[in-house]
Amino acid sequence: MSILERDFYNRPALDVARDLLGCRLVRRMDGQRLAGLILETEAYQGEEDLGCHAAAGKTPRTSVMYGPPGHAYVYFTYGMHWMLNAVTDQQDVPAAVLIRAIQPVEGEGLMALNRSTNAGQRGWTDGPAKLTQALAIDKSLNKVDLCSAADGLWIETGIPVPDSRVERSGRIGLNSVPEPWRSIPWRFNVSGGLND
DNA sequence: CGCCAGATCCACT
DNA sequence: GTGGATCTGGCGG
């Protein structure tokens, strides 16, 4: 295993979003490892990106995005869901990458327990709020350092994903965000999963 | 299957 | 007071 270093995150969100595909998201719970390969991401870059929470400026909620790269930005939405982002780009440039889907590879049993539904394995972690539930991620992990295993959440190198397997599209769920931000192709996903 | 409404609460206006 | 980077179950075709 090799934990991604801070320099990996010290780049624009668009670059980090692309390169996080295939990397291994790891959560330590009760001494056990829960992990999945990242299949889908979205980039949110700067106050000028009207789809980014930082478009509202620096607030208590968005402050972590203005800090150093390589930390977790975990926020609450829709009255019941937690979302996991990785803060990117240099200090004072608010940017982050939303992790939208993973493919479980370690600790599948615990993930199933964390998810209430009895859907197939693919249904455990194929949405941004599903994977946070499967990995027991909530506000207690907001702002933790992803470049260290000390806080129980980090990202390791994984399986390289060639450009031929990467699909791009507009970001999901930005229903009231004006163009071009609503449709700009800042969502990345691995076509067909990683069943190599 | 696809569509739709309900759930539920916090940050920001 | 408003609406959201969502998910789920129920209902109809």
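Side-chain atoms are counted along with the backbone in the values below, which use heavy atoms only and exclude waters and symmetry mates. Since the structure is predicted, the reported quantities are computational estimates derived from the model, not experimental observations. Reminder, nothing fancy here: chain letters follow the sequence lines and each chain counts from 1.
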Practice prompt. Output the residues of residues 131-141 of chain A in contact with DNA chain C, where contact means a heavy atom of the residue under 4.0 Å from an atom of the strand; sort by number or write none.
Written response: none
Worksheet item: Within the distance-only criterion (no hydrogens, no angle test), does the side chain of Arg187(A) pair as donor or acceptor with the backbone N or O of Ser169(A) below 3.5 angstrom?
Response: no
Worksheet entry | Residues Arg171(A) and Glu42(A) bridged, charged N to O under 4.0 Å | no
Response to the item:
So OG1 of Thr77(A) and CE of Met83(A): to nearest 0.5 Å the spacing works out to 5.5 Å
Worksheet, complete the sentence: Here the residues of residues 38-56 of chain A within 4.0 Å heavy-atom distance, strictly under, of DNA chain C are Tyr44(A), Gly51(A), His53(A)
Discussion item. In this structure, how many angstroms lie between the P atom of dA11(B) and the CZ atom of Arg61(A), rounded?
Written reply: 8 Å
Worksheet item: Quick one: does Gln45(A)'s side chain have a donor or acceptor within less than 3.5 Å of a partner on Asp49(A)'s backbone?
Response: no
Discussion item. Both conditions, 6.0 Å and 45 degrees, for the charged tip of Arg6(A) above the ring of Phe8(A): are they met here?
Written reply: no
Fill in: Lys/Arg-Asp/Glu bridge criterion (N-O < 4.0 Å) met for Arg33(A), Glu156(A)
yes
Discussion item. Working note: Ile99(A) + Leu20(A), criterion side-chain contact (heavy atoms from CB on, under 4.5 Å); need CA distance, chi angles, decisive distance, verdict.
Written reply: CA-CA 9 Å; Ile99(A) 314 292; Leu20(A) 275 178; 4.0 Å; yes
Discussion item. For the aromatic rings, using the six-membered ring if either is Trp, is the centroid distance between Tyr44(A) and His53(A) under 6.0 Å?
Written reply: no
Practice prompt. Mind listing the residues from residues 76-85 of chain A sitting with a heavy atom below 4.0 Å of DNA chain B? Number order is fine.
Written response: Phe76(A), Tyr78(A), Gly79(A), Met80(A)
Discussion item. Less than 4.0 angstrom from a charged side-chain N to a carboxylate O is my criterion; do Arg100(A) and Asp126(A) meet it?
Written reply: no
Worksheet item: Would you find a donor on one side and an acceptor on the other, under 3.5 Å apart, between the side chain of Asn85(A) and the backbone of Tyr73(A)?
Response: yes
Item to complete: Quick one: stems involving DNA chain B, counted as three or more successive Watson-Crick or G-U pairs, both distances short of 3.5 Å.
Response: B:1-7 with C:6-12, B:9-12 with C:1-4
Response to the item:
Sorted by chain and number, sequence neighbours left out, side chain to side chain contact (heavy atoms under 4.5 Å, CB included) with Ser63(A) holds for Lys58(A), Lys143(A)
Worksheet, complete the sentence: Given the options Thr88(A), Asp19(A), Asp89(A), Arg11(A) meets side-chain hydrogen bond (donor to acceptor under 3.5 Å, both in side chains) only with Asp19(A)
Worksheet item: Does anything in residues 171-183 of chain A reach DNA chain C, meaning a heavy atom under 4.0 Å, and if so which residues?
Response: Ile172(A), Gly173(A), Leu174(A), Ser176(A)
Practice prompt. Can you measure from CG (Leu135(A)) to CE (Met111(A)) and round to the nearest 0.5 angstrom?
Written response: 5.0 Å
